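Structure first, commentary second.
Note that the coordinates shown come from a computational prediction; the quantities given were computed from them, not determined experimentally. So you know, we letter chains A, B, ... as the sequences are listed, proteins then strands, and number each from 1.
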Amino acid sequence: MKLSDTLTGEKRDFEPAGDVVKIYVCGVTPYSASHVGHAMSYIVFDVLHRYLEYRGYKVRRVQNFTDIDDKLIDRAAQQGKTVEELAGQYIDEYFEDMDALNVRKADEYPRATQEVPKIIEMVAGLIEKDFAYPSHGDVYFRVTKDEGYGKLSHRSVDQMRAGARVEAGVEKDHPMDFAVWKGAKPGEPAWDSPWGPGRPGWHIECSAMSLRYLGESIDIHGGGQDLVFPHHENEIAQSEAFTGVAPFARFWLHNGLLLKGDEKMSKSLGNLVSIREALESYSSDAIRLSVLKSHYRGPGYYSDEALAENDRALNRFRQALQAPSNAGAGSKLDAAGYKERFIGAMDDDLNTPQALATLFDMARDINRDAETGSDVGDAQALLRELGTAIFGLTFKEREVEVGDDKAAEIQALVDRRVELRAAKQFADADGVRDELTALGVTLTDSAGGTTWHVD
RNA sequence: GGCGACGUGGCCAAGUGGUUAAGGCGGAGGUCUGCAAAAUCUCUAUCAGCGGUUCGAUUCCGCUCGUCGCCUCCA
């Protein structure tokens, strides 16, 4: 299969270096509820993981939690909680959200606060090689010492300097030098180190965790496009400087960002939609579909219209999966071609829109052939397998709570209409249906009787 | 200012140097159904604009216009 690599800018053949595909994905900073932008990113890497396994690879995926940083410290202080309590709360919520979205668990979820010894080891190693230097309780990475700095984000140190908004009053040798260790201010959580009490810089934790859990060189490093610079650029710099091994990651995969309206969804713009809010109105299938509908490297757009549209589209799959199959019929819908198309699309840098189109084509052909009494069992099984195993869909109807009393009331009306229809009093029957429609009930008449559901 | 991405039907969104430019939603019409719903069939685009390369470009190159992201914490 082919994958795009941000570093080289190329799409090229992917094979893991060893027996296991080693993947590191940058996780969240748990200081507030995860939003649908996070959902998009983790769904993308979930599908990557699922697809690699489908293609027969063993996969080891590691995803961190940045459970110590400025925002966590500030917010914990505001709420009168410890950083640990606050982070723990949102980590729990993160797992609940991902479960609800049917995102499979990574193999490891290391936390920055539990990796401090490894981080200190790296910082010390970087100082020893003169890639880093202590300054006033902090330790900074020396950007000018790294010739390759800027290779991921395709810019030179000089270019960055031109547009950089430089922190004032910080004792750095070069404006672009970044902190690998931050000295603690009074009252902040801190760990002892050779440079005084402090905590890890943001970037170093990912380098340390990737190194500890996956080794010096990994196959795929993933994250949102907004992490390319500075976070991933800095990870490369630290990791390769510390280990002397390159490449730190063989493929850099970055998902596009989720926009709302025409702007990025972000805290500062106040347009965040949390995952739990979205799940109040839409199914996880609909949310996953909105991610799969467009290519992972392009931007996503969040809108209520699109989510509602997805629920309608998903009905096509549910109908096709329920279509009657005439096992042993003379004519049989051959599933092999669809599978080949699906794999061909996914092998091409995870072209989920095209793979999804294959599934829709399959649904249409299943429905058409089922009407003529063909055996569509193989195709239905394939549709279900690809949809659930790789795309992580459930194909379940969104459950709407209907109380027992209301259900009895509805059923009584439905029964009355059935009687009226049997008596061919269609005008009255239609009147009853109007009443039911007003209650949000949709009826379906078929040879087997009348069924109803509430949207 | 620097770096990068993008501009395809009413909306969303794949794709290709040259036979019919996927798919979803929506719209119009037909089949089926007492009527609906569902399903199915048919129809619904010349690919931002201008130049260039080419026998031929929506697809390659340049410019213009427009949009977005990153350059500061961010999936």
Original post:
So, does the side chain of A:R433 form a donor-acceptor pair with the base of B:rC35 at under 3.5 Å?
Top reply: yes
Original post:
Do other residues, nucleotides or ligands put more than 12 heavy atoms under 6.0 Å from the NZ atom of A:K105?
Top reply: yes
Original post:
What about the rings of A:Y94 and A:F65, do their centers lie closer together than 6.0 Å?
Top reply: yes
Which pairs of donor and acceptor atoms, one on a side chain in residues 417-427 of chain A, lie under 3.5 Å apart (sequence neighbours left out)?
from   : atom 1 : to     : atom 2 : distance (Å)
A:R417 : NH1    : A:D445 : OD1    : 3.2
A:R417 : NH2    : A:D445 : OD2    : 2.8
A:R421 : NH1    : A:D445 : OD1    : 3.3

Original post:
Under 4.0 Å: is that the gap between some side-chain N or O of A:R155 and OP1 or OP2 of B:rC70?
Top reply: no
Original post:
Contact class for A:N351 (heavy atom, under 4.0 Å): base, sugar-phosphate, or nothing?
Top reply: sugar-phosphate
Original post:
Contact class for A:N255 (heavy atom, under 4.0 Å): base, sugar-phosphate, or nothing?
Top reply: base
Subject >> Nearest listed nucleotide, side chain of A:R341, among B:rA22, B:rA75, B:rA14 >> reply: B:rA22
Subject >> Side chain A:D69 and base B:rC73 donor-acceptor under 3.5 Å >> reply: no
**OP:** Using the P atom on both, measure B:rA22 against B:rU46 and round to a whole Å.
**Re:** 13 Å
**OP:** Would you mind classifying the nucleic acid contact of A:F360 as base, sugar-phosphate or nothing, using non-hydrogen atoms under 4.0 angstrom?
**Re:** sugar-phosphate
Subject >> Cation-pi check, A:K71 onto A:Y31 ring (under 6.0 Å, within 45° of axis) >> reply: yes
Original post:
Base, sugar-phosphate, or nothing: which does A:L289 touch, judged by heavy atoms less than 4.0 Å apart?
Top reply: nothing
**OP:** Check whether the side chain of A:E309 and the base of B:rG24 form a donor-acceptor pair under 3.5 Å.
**Re:** yes
Subject >> Sugar-phosphate only, base, or nothing, as touched by A:L356 at under 4.0 Å among non-hydrogen atoms >> reply: nothing
**OP:** For A:H154, report the nucleic acid contact type (base, sugar-phosphate, nothing); a contact means any heavy atom under 4.0 Å.
**Re:** sugar-phosphate
Original post:
Using atom P of each nucleotide, how far apart are B:rA28 and B:rC68 to the nearest Å?
Top reply: 34 Å
Original post:
Within the structure shown, what part of the strands sits under 4.0 Å from A:Y42 by heavy-atom distance: base, sugar-phosphate, or nothing?
Top reply: sugar-phosphate
**OP:** For nucleotides B:rG69 and B:rA45, find the distance between their C1' atoms and express it as a whole number of Å.
**Re:** 29 Å
**OP:** Could you check whether A:Q319 gets within reach of a base, just the sugar-phosphate, or nothing at all, counting any heavy atom under 4.0 Å?
**Re:** sugar-phosphate
Original post:
Looking at residues at least two apart in the chain, or sitting in another chain, which of them share a side-chain hydrogen bond (donor to acceptor under 3.5 Å, both in side chains) with A:K332?
Top reply: A:D378
**OP:** Could you tell me whether A:M265 contacts a base, only the sugar-phosphate backbone, or nothing, with contacts defined as non-hydrogen atoms closer than 4.0 Å?
**Re:** base
**OP:** Report which part of the nucleic acid A:R318 touches: base, sugar-phosphate, or nothing (heavy-atom distance under 4.0 Å, all strands).
**Re:** nothing
**OP:** Give a yes/no answer on whether the side chain of A:R316 brings an N or O atom under 4.0 Å of OP1 or OP2 in B:rU40.
**Re:** yes
**OP:** Please report the C-alpha distance between A:R142 and A:D177 in whole Å, then the side-chain angles of each, then the deciding distance to 0.1 Å, and finally whether the salt bridge (charged side-chain N to carboxylate O under 4.0 Å, His left out) criterion is met.
**Re:** CA-CA 5 Å; A:R142 195 186 300 285; A:D177 288 350; 5.5 Å; no
**OP:** Using the P atoms only, state how far B:rC12 lies from B:rG7, rounded to an integer number of Å.
**Re:** 12 Å
Original post:
Contact class for A:H254 (heavy atom, under 4.0 Å): base, sugar-phosphate, or nothing?
Top reply: nothing
Original post:
Taking the side chain of A:D361 as heavy atoms from C-beta outward, which of B:rA14, B:rG24, B:rG23 is closest to it?
Top reply: B:rG23
Original post:
Any cation-pi pair here, A:R155 with A:F229, using under 6.0 Å and within 45°?
Top reply: yes
Original post:
Heavy atoms under 4.0 Å, any strand shown: does A:R312 hit a base, just sugar-phosphate, or nothing?
Top reply: sugar-phosphate
**OP:** May I ask you to say what A:R364 touches in the nucleic acid, namely base, sugar-phosphate or nothing, with a heavy-atom cut-off under 4.0 Å?
**Re:** sugar-phosphate
**OP:** Could you tell me whether the phosphate oxygens of B:rC70, OP1 or OP2, come under 4.0 Å of any side-chain nitrogen or oxygen in A:K264?
**Re:** yes
Original post:
Heavy atoms under 4.0 Å, any strand shown: does A:G37 hit a base, just sugar-phosphate, or nothing?
Top reply: base
Original post:
Is there a Watson-Crick or G-U wobble partner for B:rA57 with both distances under 3.5 Å, and which nucleotide is it?
Top reply: none
